[in-house]
*Asks:* 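Got a structure here, written out as C-alpha cells. Questions coming.
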Amino acid sequence: MSDIIRLLPESIANQIAAGEVVQRPASAVKELLENAIDASADRIQLFIRDAGTTYIQVKDNGNGMSETDARMCWERHATSKIKRADDLFKLSTFGFRGEALASIAAVSQVEMKSKREEDSLGTELKIEAGQVMLHEPVQCPTGTSITVKNLFYNIPARRNFLKSPSIETRHIYDEFNRVALAYPSIEFILYINDIETLCLPRTVLRNRIIDVLGKKGTGELLEINETTDILKISGFVGSPEYAKRVRGDQYLFANGRFIKEPYFNHAVQTAFQGLIPDDFFPYYVIFFELDPSKIDVNVHPTKTDVKFEDSKIIYSILRSVIKKSLGNYTLTPQLDDNQIFNFNTSVDNEVITRFNSPKINTSYNPFSTDIQPNKRLDWSKIVDPFKLTNSNFYEGGEISKDRNEPYIEPQLFAPTEKLTFDAIFQMTGGYLICSKNHELFIVNQNAAHERVLYDQFNNHYLHQTMAIQTLLFPRVVEFNAADFTLVHSLLDEIKLLGFDISLFGKNTFIINGIPALNDKADSQLILEGLIENYRQNEQNLHLERKENLIRSMARNAAIKNSETLTYSEMENLLNQLFHSIHPNFLPNGKPVLRKISQQTLGEMFVK
Ligand code: ADP
Ligand code: MG
C-alpha cells in the first residue's frame, strides 16, 4: 500500500486556522482594530453592515504598508512584530502571530488599500478565498483601509452558526467598546448600516468612559492609581451606589489588552464587600501595566485569556487599591451612625483562595414565574369552590378540620409552561379578576401570594436553598426577653428560611440578610411579624415548629390587599398560583380563589 500522509494544502490549513481566530464578525473587527492601533493610528473608522456578515471595513491613518508588505501581510505567519523567539516575551503590540489577516482572507472576500507617508502611491489588493485577484498601485490617503465582505461565504456551516443580527452586533459593540476604552487618545467613529452611530473624540480616560458607557460623570467615577514594584494599576471604579444586579460593565486591561480574568473580578468584588449587596456588581475600567515578560498572552488565539506570573499578589494589590479609593470616598459623612459596616482599608496579604465566591446570590423577582417546562397543567381540574361548600374539606373560610387532606390531586398541578389569560384586572379590595378557557376566576391577591410563598418556603426549607438577599447595612434588632428567648430557640430554623442572622448581644440579634422576597422588605418588620405570627399559631393551632414558621413567614410576607399590582405582577402571581399543588385554599383552609364556569354564568341568567 502506498503512503497516505499528505501536507494539507495551504488554503485548507488557513481555513482551519480561521476557525480559531475568526469565530464571528466581531472577531474580525477585533483583529482589524488591533492592527490599526499597532500601526500607530490616531483616527480609526469602523463600518459595519448587516451585523458584519456582508461588510466590515476598518480605515486607519496609521503607518500604512509598502507594496511588498501589502501583499505579504496576507500570508500565514507573516508579521512585522516578531523577529526572534525572544521577542515573544516582550510584546508591546496586540498582534504577533501573523495569523489574523491570513485567517480572515481564507473565509471572506477582502479588499485593501494601504499607503505609507513616504510613498506617493499606495497599493490596492483584492483577495478571494485566499487567492489574490488584484494587486496594483492606487491613489489613496496615508494609512490602511481593509474591507471584509461576505464573511464565511465559502463556509456555509459557519455562517449558519451565527446568531441573530442583534446578537452579532452586540458582540461587535463589545469589541469596539473594549478597544475604545483602552485607547482614549485615539478617535473612533462607528458607522452601522451607513449611519454614524458613535463618534468618540480624542480625550482622557474619564471622558472616554462617560462617552462609551454612558455614565453621568463626576461623583460617579472614583479614580484609582497606584504604582508598585510589580505593576501599575490605574483606572476608575463606579461608586457603590451605582452597582447593579447585573454584571455589566466590568473591564480589565493588561498592557492595553482587554482580558477576562474572573479571579481579578473577584478581587474587585470583595473590595466592595459591605458596601453593596453580595448580588450586586460594581462597574469598573481598570488597567494593569506590567513587564510583558510577566504575562503570557499566548494561551489562547483570541488572546483574552492571559496567564499572570504573580496573580496572587496582584489580587491583593488590586483589592487594597480599590478599598483605598472606596475608603476615601466613603469617609465623606453620608452614612448615618446606626449603620454598621465593617470596612478595612489596610492591605491584607492573606492567602486568597481562588473562586471563593460570595455566598448566595439571587436576582430574585418576587413575582417571577419559577416554572419548569414539560408537564402539562390540567386546567379543568381546578376545583369549583362553589361546588365544594358542603364538602368535608372546605368550611366557609374557617379552618378545615382535616387540613392535610389534599383538595385535588397534586400531580395535576405540577409545574408547566407559562399560562396566558384572556384578561386580568384588579378590583379594589385586593381581588384579581381573570378569565381563561371560558371560565371566570376571582382570586384574592393576599391569599394567593400567601399560598405561593408557603409552597416556596416549604420547598426551599426542605432543600435548604432559600435565596438570601444580603443587606447593604446590617440591622440590629432588639427583642423583649420572652421574644428573645423564642427567637434564640428557633435560630437554626429561621436561618433555613433565608435569614442571615446571629446573636449580637443582650436581647439583640444582627440581621445581615433576609429571604429574597422583594426590594422594599424591611428586615426588622419581617422578623418581628414572623415571631408575632408564630406565637399566635402556637396558641391556636399547635402546629409543629417548621410548619408554624413557614406559615407565619408566608402570612407575614405576602402582599397586602391594598397594594396595586401591575399587569405582569398579576400575571406572574396567577401563574404561580395556578401551578401550586393546592391553588384553591390556604393551608388553614381559607379560600384563595373562586371559579365561575360558563355553565354557572348561564344559570345566573336563566329567566
Ligand atoms: P499580527 O498582527 O499578528 O502581526 P496580522 O495578520 O494581524 O498579524 O497582520 C500581519 C501584518 O500586517 C502585521 O504584522 C503588520 O505589519 C501588517 N498590518 C496589518 N494591518 C495593518 C494596518 N492596519 N496598518 C499597517 N500594517 C498592518
Ligand atoms: Mg494583528
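Since we're looking at a predicted model, the values are computed, not measured. Hydrogens, waters and symmetry mates are skipped; everything else that's a heavy atom, side chains included, is used. Just so you know, ligand 1 is whichever comes first in the structure, and atom 1 is the first atom listed for that ligand.
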*Asks:* Heavy-atom contact under 4.0 Å between Asp60 and ligand 1?
*Replies:*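 In this structure, Asp60 qualifies as a contact of ligand 1 - some heavy atom is under 4.0 Å.
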*Asks:* Look only at interatomic distance and state if Leu101 has a nitrogen or oxygen under 3.5 Å from any nitrogen or oxygen of ligand 1.
*Replies:*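 Right, the criterion is met.
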*Asks:* Could you check, using the six-membered ring where one of them is a Trp, whether Tyr242 and Tyr283 have ring centers closer than 6.0 angstrom?
*Replies:*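 No - the distance between ring centres of Tyr242 and Tyr283 does not fall below the 6.0 Å cut-off.
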*Asks:* If you take the centroid of each ring, where Trp contributes its six-membered ring, are Phe308 and Phe264 closer together than 6.0 Å?
*Replies:* yes
*Asks:* Under 4.0 Å from ligand 1, counting heavy atoms only, is it the side chain of Ala100, its backbone, both or neither?
*Replies:* both
*Asks:* Considering distance alone, does some N or O of Asp38 sit under 3.5 Å from an N or O of ligand 1?
*Replies:* no
*Asks:* Tell me which pairs pass side-chain hydrogen bond (donor to acceptor under 3.5 Å, both in side chains) where either residue lies in residues 123-143, with sequence neighbours left out.
*Replies:* Lys115-Thr142
*Asks:* Show the atoms of ligand 1 that are less than 4.0 angstrom away from any heavy atom in Thr79.
*Replies:* 1 (P), 4 (O), 14 (O)
*Asks:* Between Arg202 and Glu187, is the closest basic N to carboxylate O distance under 4.0 Å?
*Replies:*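 The answer is yes: the pair qualifies as a salt bridge.
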*Asks:* Looking at ligand 1, would Glu31 count as a contact under a 4.0 Å heavy-atom criterion?
*Replies:*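 It does not, in that no heavy atom of Glu31 comes within the 4.0 Å cut-off of ligand 1.
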*Asks:* Does only the side chain of Glu99 get under 4.0 Å from ligand 1, or the backbone, or both, or neither? Count heavy atoms.
*Replies:*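 The answer is the backbone of Glu99.
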*Asks:* Considering non-hydrogen atoms only, spot the tightest contact between Ala70 and Leu125 and give its length.
*Replies:*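 It is O-CD2, 3.6 Å.
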*Asks:* Any idea which atoms of ligand 1 are less than 4.0 Å away from a heavy-atom of Thr144?
*Replies:* 22 (C), 23 (N), 24 (N), 25 (C)
*Asks:* Return the option from Met65, Arg76, Met112 holding the heavy atom at the smallest distance from atom 26 (N) of ligand 1.
*Replies:* Met65
*Asks:* Measuring centre to centre across the rings, with the benzene-like ring taken for any Trp, is Phe188 within less than 6.0 Å of Phe176?
*Replies:* yes
*Asks:* For Glu118, check salt bridge (charged side-chain N to carboxylate O under 4.0 Å, His left out) against everything at least two apart and list the hits.
*Replies:* Arg116
